[in-house]
Structures are given as C-alpha cells and as structure tokens.
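Here is the structure we will look at, set down as structure tokens.
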Amino acid sequence: MNFTSEPLNDSHILTSFDSGKEPLDRWLRQSAGRGQLQDTGRTFVWHVGDGEILAYFTLTGHALHRGSLSRKQAHSLPAEVPPILLAKLALDASLHGQGLGGELLLDALTRCVRAGEIVVSRFVVVDALDENAVGFYEKYGFTPVPDTEPVRLLRRLKSIAADLSAD
Ligand SMILES: CC(C)(COP(=O)(O)OP(=O)(O)OC[C@H]1O[C@@H](n2cnc3c(N)ncnc32)[C@H](O)[C@@H]1OP(=O)(O)O)[C@@H](O)C(=O)NCCC(=O)NCCS
C-alpha cells in the first residue's frame, strides 16, 4: 500500500479512523484541526489517495525543565531545554502489526530531524498512553524519564538524525 503523508486539511475524512484507542481517535476528530488553525500542534496524516485517514501524528514545540529529567539526562543542561513533543501518534487498527507503526514513527522522526536543522531541539519527547506504547517507543531507542505518569520517554534528536542518515 502506498500512503500519502501530508499535513491535515479540510478535505480529509476523519470519521472512520479507529486506532483502538478511543481518546486518540476523538482527539483527531475534535482537536487536531483546531491545533492546525491555532498553530499549537501540527498534525500529519496518512491516506491512500482517497482522503480517508489511516494514520496520524502531531508535533509541537515544548519546554522541558532540567529538574524533570534524570541526573544523566539533565547532565550540564540549562534550566530549560527545548524538545520537540511527539504529542500524538496512531495507526488504524486494521493496519497494526505489519511494521507500519514503525514507518509512521520514522515519518514523524524524519520531520523532527528536518525541523531541528532550523530550530534547535535537544530531544524528541513522547508521553506514552500505556505500557504497550512504552514498549513500542523503547524499541526505537527512547528512554523513560524516571517517575513520570503517564510515562514520558525521550531520545536525543542528534542520535535520531545519526540513525536516519546511516540508513
Ligand atoms: C503504537 C502503534 C503505532 C504501533 O504500530 P504497530 O503496527 O502495532 O507496530 P509495528 O508492526 O509497526 O511494529 C514495529 C516494530 O515495533 C515492535 N513493537 C510494536 N509494539 C511493541 C511493543 N508494545 N513493545 C515492543 N515492541 C513493539 C514490533 O515488534 C516491530 O518490531 P520488528 O520490526 O522488530 O518486528 C499502533 O499499535 C497504534 O496505533 N496503537 C494505538 C495508538 C497508540 O497506542 N499510540 C501510541 C500512543 S502514545
């Protein structure tokens, strides 16, 4: 299947998207468009040419306080650190388990790397919805921030960029 990946717009059909995680489906339908309009979250969607959404992710700027990180993660950093927040990521349940979630994450991280070439970001940060999501992000090199609920994970943007350029 060839997917078009592009920013969310009014022509996209959101109604039948079902990731198996209702809060993420609802957020796409109710809030993603507002985030686009208000410049508070940039949502990218996948479809196969018919506009019917099969996957999405949302990126936004963020601020991390050094005190919220582990000693190792915070080492020699200023009081406030700029990451990119991968605020949402979901794939339609009909497509789970075929490697497409990994490709969706790769699409999101490629866009983070491009953004980081212009506006500096030390980390990409995600807040995992549940233990399953923690396992998924750990598989791609993200490490948990201790004592966070929901579990927050991060990975150096520099390390992501190095991995992508090695592929
Ligand atoms: C999270 C999600 C995108 C993963 O997509 P997927 O299609 O199920 O996963 P993939 O088939 O692409 O898996 C890619 C790789 O990650 C691994 N993986 C997937 N889920 C994993 C988990 N929970 N723990 C460890 N590894 C996992 C797979 O084994 C695969 O590894 P491989 O390439 O070595 O075989 C998808 O399940 C989803 O949309 N879930 C609902 C929304 C959600 O929970 N989003 C995260 C919110 S923070």
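We count ligands from 1, going down the list as the structure has it; atoms in each ligand are counted the same way. Numbers here are sequence positions counted from 1.
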Among protein heavy atoms, which sits nearest to atom 25 (C) of ligand 1, and what does the distance come to when rounded to 0.1 Å?
G135 O, 3.3 Å

Shortest protein heavy-atom distance from atom 35 (O) of ligand 1, along with the residue and atom involved:
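Going by distance alone, atom 35 (O) of ligand 1 is nearest to K139 NZ, 4.9 Å.
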
Flag G101 as yes when one of its N or O atoms lies below 3.5 Å from any N or O atom of ligand 1, and as no otherwise.
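Yes, at least one N or O pair falls under 3.5 Å.
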
Look only at interatomic distance and state if L91 has a nitrogen or oxygen under 3.5 Å from any nitrogen or oxygen of ligand 1.
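N/O-N/O distance under 3.5 Å: yes.
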
Between the candidates [options], which shows the shortest non-hydrogen contact distance to [atom]?
atom                    : options               : value
atom 42 (C) of ligand 1 : L105, L106, D25, L24  : L24
atom 21 (C) of ligand 1 : Y137, F57, Y140, F136 : F136
atom 44 (O) of ligand 1 : E103, Q98, K21, E131  : K21

Please determine if D107 and R111 form a salt bridge, counting it only when a charged side-chain N lies under 4.0 Å from a carboxylate O.
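So D107 pairs with R111 through a salt bridge.
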
Answer yes if a protein heavy atom lies under 4.0 Å from [atom], otherwise answer no.
atom                    : answer
atom 7 (O) of ligand 1  : yes
atom 39 (O) of ligand 1 : yes
atom 19 (C) of ligand 1 : yes

Could you list the residues that satisfy salt bridge (charged side-chain N to carboxylate O under 4.0 Å, His left out) with K158, not counting sequence neighbours?
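If we apply the salt bridge (charged side-chain N to carboxylate O under 4.0 Å, His left out) test to K158, skipping adjacent residues, there are no hits.
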
Centroid-to-centroid, F17 to Y56, below 6.0 Å?
yes

Report yes if the side chains of F44 and L59 come closer than 4.5 Å at any heavy-atom pair, otherwise no.
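Yes, side chains in contact.
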
Can a non-hydrogen atom of [X] be found less than 4.0 Å from any atom of ligand 1?
X    : answer
G99  : yes
V126 : no
L104 : no
D127 : yes

Between the side chain of H65 and the main-chain N/O of G67, is any donor-acceptor distance below 3.5 Å?
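Here the side-chain-to-backbone pair does not exist.
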
Under-4.0 Å heavy-atom contact with ligand 1, by part of H96 that carries it
both

Which residues pass the side chain to side chain donor-acceptor pair (under 3.5 Å) test with T15, sequence neighbours left out?
none

Residues, nucleotides or ligands: over 12 heavy atoms within 6.0 Å of D50 CG
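Yes, the 6.0 Å shell around CG holds more than 12 heavy atoms from other groups.
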
Measure from NZ or CZ of R155 to the centre of the six-membered ring of F123, then state whether that distance is under 6.0 Å and the direction lies within 45° of the axis.
no

